[in-house]
2 protein chains.
Amino acid sequence: MTDPQTRYTTIVNRLRENDHKLTPQRLAIAKILAHSEGHPSVETIHQALQGDFPTMSLATVYRNVLLIKSLGEVLELGFADGSNRYDGNKPYPHPHVVCVKCKAIIDPDLESLKDMTAEVSAETGFKILSHRVDFFGVCKACQTSIK
Amino acid sequence: MTDPQTRYTTIVNRLRENDHKLTPQRLAIAKILAHSEGHPSVETIHQALQGDFPTMSLATVYRNVLLIKSLGEVLELGFADGSNRYDGNKPYPHPHVVCVKCKAIIDPDLESLKDMTAEVSAETGFKILSHRVDFFGVCKACQTSIK
DNA sequence: TTTTCTGCAAATGCTTTGCATGGGA
DNA sequence: TCCCATGCAAAGCATTTGCAGAAAA
């Protein structure tokens, strides 16, 4: 994981460079994205800020996540069920492991990803630019939970 | 690619086994899914059937794709732009290679996929159930095309 | 005949947009 | 001061659902 403080600074700088105002709401959203613990959804971000900004609207979260995404500082993960999750800590393509029960998302380090990319290239002749690699399963905690 | 005729028969049998009526609309949708040329969307399927069923509603397509999916006979591919595409020819998780220029989609055979799944399991402790592995790049033809 | 399926329209649920006010720079 | 940003509500969009009539078995 990248240092959240560093990521936060980077995002704020990028906002400044592009002449976007640094409102308290915007900075608060940027801070959450810089951490991106558990890969938050818009809903999660909104709820997390209810304490500090009781009147903050969902629209503001949507607008700012979209803005930061347009600056290339957040990775959007759209899923088949329509849910969108965000990662502003590692805003570049990387593998994910998703728990189908508790919806937790983990970033594994996969040694074999480089080899697989090479294999794809060799077999198809494609020049590979990016990827979306997700695994779905049940996390340790959910495997042992009594329910 | 699996023989579309075989896939069609399998889907129809599965429908019969589960006591679902074989309406003309349902069978027509099953036939398109059995071929799944170009990984059709609901919209695409609906338009393709306008000739034979001018009054067919989108709801019917949605309901039947959902039904066949619930029988495990179609793979749903949700993309970041919100579009959902379906594959009833190979209804199980498999890797895709997408050309970002001409939108061609290839199904590569990746030897390293099994190893990667094992690596994910070993590193995270997850019990892996399925995956979504897509690579994006430029195909051979588009690499050499003069533009 | 019985039960499911279809077509239509209304209702979702998530995301975006219009507008007037509020607040950065 | 000058605009951009926010909050609210309304509008969009793709998908789902309720209902009455139509069709499969």
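So that the names make sense, note that chain A is the first sequence line, chain B the second, and so on, each numbered from 1.
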Of the listed nucleotides D:dT6, D:dC19, C:dC5, the one nearest the side chain of B:His20: C:dC5

Whichever of A:Leu66 and B:Thr55 has its nearest DNA chain C nucleotide further upstream toward 5': B:Thr55

query: Given atom CE of B:Met56 and atom P of C:dC8, what is their separation to the nearest angstrom?
result: 11 Å

- line: Which of C:dC8, D:dT6, C:dC5 is nearest the side chain of B:Arg63? It is C:dC8

field: Residue met sooner reading DNA chain C from 5', once A:Pro24 and B:Leu67 are mapped to nucleotides
entry: B:Leu67

Heavy-atom pair with the smallest gap, counting every atom of B:Ser130 and B:Pro93: CB-CG, 3.9 Å

- prompt: So, for B:Pro108 and B:Val97, which heavy atoms are closest and what is the spacing to 0.1 Å?
  reply: CG-CG2, 3.4 Å

N or O in side chain of B:Thr23 less than 4.0 angstrom from C:dT6 OP1/OP2: yes

task: Measure from the side chain of A:Gln25, starting at C-beta and using heavy atoms only, and say which of C:dT6, D:dT16, D:dG7 lies closest.
output: D:dG7

statement: note: A:Leu58, atom CG; C:dG13, atom P; distance rounded to Å ~ 14 Å

task: Choose from D:dA25, C:dA25, C:dG18 the nucleotide whose nearest atom is closest to any side-chain atom of A:Leu22.
output: C:dA25

- line: Here the distance between atom P of C:dC14 and atom CD1 of A:Ile45, to the nearest Å, is 15 Å

- prompt: Between D:dG7 atom P and A:Arg26 atom CZ, what is the distance in whole Å?
  reply: 11 Å

- request: May I ask you to say what B:Asp19 touches in the nucleic acid, namely base, sugar-phosphate or nothing, with a heavy-atom cut-off under 4.0 Å?
  value: nothing

query: Of all the choices, D:dA5, C:dT6, D:dG7, which nucleotide is nearest to the side chain of A:Ser57 once you look at every atom?
result: D:dG7

Candidate nucleotides C:dT16, C:dT4, D:dC8, ranked by approach to the side chain of B:Lys21 - the nearest: C:dT4

- request: With B:Arg132 as the cation and B:Tyr92 as the aromatic partner, state whether NZ or CZ is under 6.0 Å from the six-membered ring centre and within 45° of the axis.
  value: no

field: Distance, rounded to the nearest Å, where B:Lys69 contributes NZ and D:dT16 contributes P
entry: 8 Å

- prompt: Taking all atoms of both residues into account, what is the closest heavy-atom pair of B:Arg7 and B:Pro91, and its distance?
  reply: NH2-CG, 3.4 Å

- line: When rounded to whole Å, the CG to P distance for the pair A:Asn18 and C:dA25 reads 15 Å

- prompt: Nearest-Å distance, CD (A:Glu43) to P (C:dC14)?
  reply: 8 Å

query: Are A:Gln25 and A:Asn64 close enough that a side-chain donor and a side-chain acceptor fall under 3.5 Å?
result: no

task: May I have the distance from B:Gln50 (atom CD) to C:dG7 (atom P), rounded to whole angstrom?
output: 10 Å

query: Quick one: which of D:dA24, C:dG7, C:dT17 gets closest to the side chain of A:Ala59?
result: C:dT17

